[in-house]
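Quick notes on the structure that follows.
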Amino acid sequence: MAAQTQRAVLAGGCFWGMQDLIRKLPGVTETRVGYTGGDVPNATYRNHGTHAEAIEIHFDPALTDYRAILEFFFQIHDPSTRNRQGNDIGLSYRSAIYYVDDEQKRIAEDTIADVDASGLWPGKVVTEVEPVGPFWEAEPEHQDYLERYPDGYTCHFPRPGWRLPTRAES
């Protein structure tokens with residue numbers, strides 16, 4: 001019998017780099033890139049309106065948890081830049097967490113408070129926290145892009161020694 005998985009949907013700039021790093025996390029069972037959080041049904045690369053480039057993640061909660069995935073998400077992209085990651089500028093490249101239930105929303109808000117309190121980034125977190133909506137899978141050429149083109153473009157990098165502390169209760 002297959003283990004029950006949970007779903008996370010995150011946006012943090014170009015989806016290629018996020019997928020390449022997040023898929024390698026222990027407990028992540030499946031990823032796909034696509035578009036969410038916007039206004040165009042059946043979004044595509046050429047027509048995605050106000051959607052963000054995002055990654056849908058399925059993970060085994062016996063091996064990892066939502067908080068660990070969010071901590072890694074905040075390590076590999078700059079959540080203090082609005083609508084931008086690296087050279088990618090625009091609404092498509094915003095930082096966002098699309099929660100699937102109230103527990104994910106609570107964990108997202110708590111993690112953001114820890115990131116803000118940590119001072120690890122130069123500014124306050126601008127990551128949107130919104131309920132998940134339709135996720136439009138990106139075209140096949142965008143799936144697993146950096147596996148097929150290992151020297152391809154990315155603006156996502158694990159930061160050595162980066163560890164998110166839990167803020168002190170006041």
Side-chain angles (χ1 to χ4, degrees), residues 3-38 51-86 88 91-138 144 146 154-170:
Q4 177 100 10
T5 62
Q6 292 182 10
R7 178 180 184 230
V9 179
L10 306 172
C14 175
F15 46 30
W16 296 339
M18 286 187 44
Q19 182 181 38
D20 190 56
L21 295 172
I22 290 174
R23 90 164 101 244
K24 297 172 186 171
L25 291 176
V28 171
T29 60
E30 182 183 355
T31 61
R32 66 182 181 143
V33 297
Y35 315 96
T36 196
H51 286 292
E53 288 194 8
I55 177 173
E56 181 182 65
I57 304 154
H58 290 270
F59 63 95
D60 181 343
L63 301 175
T64 192
D65 61 26
Y66 189 63
R67 170 71 186 220
I69 290 170
L70 290 183
E71 287 185 15
F72 190 70
F73 168 70
F74 284 116
Q75 181 194 130
I76 64 172
H77 87 290
D78 183 347
S80 68
T81 56
R82 187 172 308 281
N83 300 333
R84 178 179 190 157
Q85 287 300 307
D88 296 328
L91 194 58
S92 299
Y93 306 110
R94 68 187 178 271
S95 177
I97 298 169
Y98 299 99
Y99 58 88
V100 301
D101 58 27
D102 288 341
E103 179 65 4
Q104 280 193 356
K105 180 182 181 186
R106 184 195 64 74
I107 293 167
E109 290 170 343
D110 191 57
T111 306
I112 288 170
D114 286 343
V115 173
D116 277 338
S118 75
L120 289 167
W121 288 108
K124 291 292 185 189
V125 171
V126 296
T127 303
E128 299 171 5
V129 178
E130 300 290 337
V132 72
F135 183 90
W136 309 103
E137 185 173 8
D144 307 311
L146 289 173
T154 186
C155 57
H156 297 90
F157 305 95
R159 279 126 178 116
W162 194 98
R163 186 173 185 312
L164 181 62
T166 302
R167 71 192 178 289
E169 294 296 326
S170 49

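The structure presented is a predicted model; accordingly, all values stated were derived computationally and were not measured.
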| request: Start with the C-alpha gap between Thr154 and Leu146, add the side-chain angles, then the distance that decides, and say whether side-chain contact (heavy atoms from CB on, under 4.5 Å) holds. | output: CA-CA 8 Å; Thr154 186; Leu146 289 173; 3.8 Å; yes
| message | Checking Arg7 against Val132 for the side-chain contact (heavy atoms from CB on, under 4.5 Å) test, could you report, in this order, the C-alpha distance in whole Å, the side-chain angles of both residues, the deciding distance, and whether it holds? | response | CA-CA 10 Å; Arg7 178 180 184 230; Val132 72; 3.9 Å; yes
| query | Does Phe59 have any ring pair (Phe, Tyr, Trp, His ring centres under 6.0 Å) partners at least two apart in sequence or in another chain, and if so, which? | reply | none
| note | residues 64-79 vs salt bridge (Lys or Arg N to Asp or Glu O under 4.0 Å), sequence neighbours excluded, gives Arg67-Glu71, Arg67-Asp110, Arg67-Asp114
| field | Spacing of Glu128 atom CD and Ile112 atom CD1 [to the nearest 0.5 Å] | value | 10.0 Å
| message | Would Glu53 and Val33 count as a side-chain contact (heavy atoms from CB on, under 4.5 Å) here? Give the steps. | response | CA-CA 7 Å; Glu53 288 194 8; Val33 297; over 6 Å; no
| said: Restricting to salt bridge (charged side-chain N to carboxylate O under 4.0 Å, His left out), what partner residues turn up for Lys24, sequence neighbours left out? | reply: Asp20
| request: Mind checking the OG1-OH spacing from Thr36 to Tyr98? Nearest 0.5 Å is all I need. | output: 6.0 Å
| Any idea which heavy atoms bring Ser80 and Val126 closest together, and the distance? | C-CG2, 4.0 Å
| task | Over all heavy atoms of both residues, which pair between Thr64 and Pro26 is shortest? Give the atoms and the distance, please. | result | CB-O, 3.5 Å
| task | Hey, could you give me the CD1/CD distance between Ile57 and Gln6, rounded to the nearest 0.5 Å? | result | 12.0 Å
| task | May I have the step-by-step check of side-chain contact (heavy atoms from CB on, under 4.5 Å) for Val115 and Leu164, ending in yes or no? | result | CA-CA 7 Å; Val115 173; Leu164 181 62; 3.8 Å; yes
| request: Hey, could you give me the SG/NE2 distance between Cys14 and His156, rounded to the nearest 0.5 Å? | output: 7.0 Å
| request: Report yes if some heavy atom in the side chain of Ser95 is under 4.5 Å from a heavy atom in the side chain of Phe73; otherwise report no. | output: yes
| field | Side-chain donor/acceptor of Trp162 to backbone N/O of Phe74, under 3.5 Å | value | no
| Does Asp116 pair with Arg167 as a salt bridge, N-O distance under 4.0 Å? | no
| said: Between Thr29 (side chain only) and His58 (backbone N and O only), is there a donor and an acceptor less than 3.5 Å apart? | reply: yes
| query | Does the side chain of Val125 come within less than 4.5 Å of Pro79's, by heavy atoms? | reply | yes
| For Pro160 and Pro158, which heavy atoms make the closest approach, and how far apart are they? | CD-O, 3.5 Å
| query | Which pair of heavy atoms, one from Asp144 and one from Arg23, lies closest together, and at what distance? | reply | OD1-NH1, 2.5 Å
| Between Thr127 and His77, what is the shortest heavy-atom contact and its length? | OG1-NE2, 4.4 Å
| In Å and rounded to the nearest 0.5 Å, what is the CZ to CD distance from Arg159 to Gln75? | 7.5 Å
| message | Distance check, rounded to the nearest 0.5 Å: Tyr66 atom OH versus Thr111 atom OG1? | response | 8.0 Å
| field | Least distance between heavy atoms, Ala108 atom then Leu70 atom | value | CA-CD1, 3.7 Å
